[in-house]
Protein chains: 2
Amino acid sequence: MVGRPRDERVDQAILAATRGVLAEQGYSRLTVDAVAAAAGVGKAAIYRRYASKHELVFAAAVHDVDLEPPPDGGSLTADLTALVREILDSLGAPTARAAAPGLISDFLSDPALADRFEETFLARERACVRAALDRAVARGEIEAPPERDLAHSLILGPVFAWLYIFRRQEEESFARDLVVRVEAALRHTPV
Amino acid sequence: MVGRPRDERVDQAILAATRGVLAEQGYSRLTVDAVAAAAGVGKAAIYRRYASKHELVFAAAVHDVDLEPPPDGGSLTADLTALVREILDSLGAPTARAAAPGLISDFLSDPALADRFEETFLARERACVRAALDRAVARGEIEAPPERDLAHSLILGPVFAWLYIFRRQEEESFARDLVVRVEAALRHTPV
DNA sequence: TCAGTTTCGGAACGACTTGTCTCGTAATAT
DNA sequence: ATATTACGAGACAAGTCGTTCCGAAACTGA
């Protein structure tokens, strides 16, 4: 590799500034110029790294979400509680709160972005759900686990609706009650 | 009221053109100029009726969704099936499919739009959910119904996630399985 | 050492969209 | 008849995106 190497501080400044503007202004009011100004960086430095505003926001909002597969909690209840808590925290964080609906909206016009979201975030989350279900089956807590995406939607969907459609705050009671209901749904053996 | 009255055909042409452009281009690529051209009207005629592009799309996408409270189906299973089918059809329609994520994304920057959505759509949907739950309690099928928004999120959330986050098509099996799982969640009596 | 390459911040640019406004004209109420 | 409003068409300013230029700086390889 020849030429001047990229400055890592610029990388970090861009991501930090993006998260800052995102939290302050929200996705729809985020402008690339504002990010460049906040980062003390030229716009060229941003577009040299990200092909579009969408990709910039994606990198800033999704990359810092490191979804660790929760360890075996010993019971389906414990596993589900950890899973719901983690998803609720991810989606409830200021950056995600500002970015998530806008990103999902962009999926319609930018399938490549949707694919990357699928690979970067959904696949890992789905693996966590699957791991929890497999353990529950192994323990004998569940007989017939539902289809993967259905189980995933049963957990992710209500959290998303609660935060972004109903626009309600994270509430301890919601997390607790959701776990109880989802567990009942998963334990049920279809006829 | 003095002056020339508004032409109702212009009203309809604007809404029809908006739905057409929405289905063809999607929310993010919809422009007011394109709507005006498709409707054969001037932009002033649009802005005379709607304060912003958001309100235009909202009117076109939400207004035609007339969520009728489903009649008593005789059982919780029947009521839930009708409810899920109706929500799936509403959100799966081409217009809604193109508009919903964009509208929800705009809620962050336009609380007034969010409030109108709450009143126009969510409140009616929530009433349908509540009616179904009340009937189930009256029948003795359910002991302790969950908090309203929780029950609502258990139905709306998975459908939204399925269509807009997982980007999967409407599938008969999904509707059927979701009903089974949601019913199990609702029937469960928390300790 | 030194030419070639790539980066940097800054700034300009064209293309596009939004929302307002001005035309000249048509329809209605008073 | 006159005032008022709506109509289609289009000009307009403001703002944004993504690209492209600039001169300067940083690094590689011969």
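Side-chain atoms are counted along with the backbone in the values below, which use heavy atoms only and exclude waters and symmetry mates. Each chain gets a letter, A, B and so on, in the order its sequence line appears, and its residues count up from 1. These numbers come from a predicted model, not from an experiment.
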Legend entry - Proximity to the side chain of A/S52 - top-ranked nucleotide from C/dG9, D/dG18, D/dC7: D/dG18
Inset, instruction - For the residue pair B/Y164 and B/F160, categorise the inter-ring angle as parallel (less than 30°), tilted (30 to 60°) or perpendicular (more than 60°). - result: tilted
Inset, instruction - Starting at atom CZ of B/R29, determine the distance to atom C1' of D/dC17, rounded to an integer number of angstrom. - result: 15 Å
Legend entry - Nearest-nucleotide 5' precedence on DNA chain D, B/A44 against B/R6: B/R6
Inset, instruction - Just call it for A/R9: base, sugar-phosphate, or nothing, with non-hydrogen atoms closer than 4.0 Å on any strand. - result: nothing
Legend entry - Nucleotide of C/dC8, C/dG19, C/dT17 approaching B/T31 most closely (side-chain heavy atoms): C/dT17
Legend entry - Main-chain N/O of A/L30 paired to A/K53 side chain as donor or acceptor, under 3.5 Å: yes
Inset, instruction - Would you mind checking if B/R49 and B/E55 are paired as a salt bridge, meaning a charged N to carboxylate O distance below 4.0 Å? - result: no
Inset, instruction - Mind running a 4.0 Å heavy-atom check of residues 103-115 of chain A against DNA chain D and sending the residues that fall below it, in number order? - result: none
Inset, instruction - Examine distances only and state if a side-chain atom of B/E143 and a backbone atom of B/T189 form a donor-acceptor pair shorter than 3.5 Å. - result: no
Inset, instruction - Please report, rounded to the nearest Å, how far the C1' atom of D/dC22 is from the NZ atom of A/K43. - result: 16 Å
Inset, instruction - Answer yes or no: does a side-chain N or O of B/R49 lie under 4.0 Å from OP1 or OP2 of D/dC7? - result: yes
Inset, instruction - Return the nearest nucleotide to the side chain of A/V2; candidates are C/dG9, C/dT20, C/dT5. - result: C/dT5
Inset, instruction - Provide, to the nearest angstrom, the distance between the CD atom belonging to B/Q12 and the P atom belonging to D/dC7. - result: 13 Å
Inset, instruction - Measure from OH on B/Y47 to C1' on C/dT22 and round the result to the nearest Å. - result: 17 Å
Legend entry - Integer-rounded Å distance: D/dG15 C1' and A/D33 CG: 10 Å
Inset, instruction - Starting at atom CZ of A/R4, determine the distance to atom P of D/dC27, rounded to an integer number of angstrom. - result: 8 Å
Legend entry - Mutual orientation of the aromatic rings belonging to B/H54 and B/Y27 [parallel < 30°, tilted 30-60°, perpendicular > 60°]: parallel
Legend entry - Set of side chain to side chain donor-acceptor pair (under 3.5 Å) partners for B/D72, sequence neighbours left out: B/R139
Inset, instruction - Return the 5'-most residue of the pair A/R48, A/L30 with respect to DNA chain D, ranking by each residue's nearest nucleotide. - result: A/L30
Inset, instruction - For the side chain of B/V32, starting at C-beta, report the closest nucleotide among D/dC7, C/dT18, C/dT7. - result: C/dT18
Legend entry - Spacing of A/E55 atom CD relative to D/dC17 atom C1', expressed in whole Å: 15 Å
Inset, instruction - Check the distance between D/dT16's C1' and A/K53's NZ and give it to me in whole angstrom. - result: 8 Å
Inset, instruction - Give a yes or no on whether A/L83 and B/F166 share a hydrophobic cluster (residues Ile, Leu, Val, Met, Phe, Trp, Tyr; joining criterion: side-chain heavy atoms under 4.5 Å apart). - result: yes
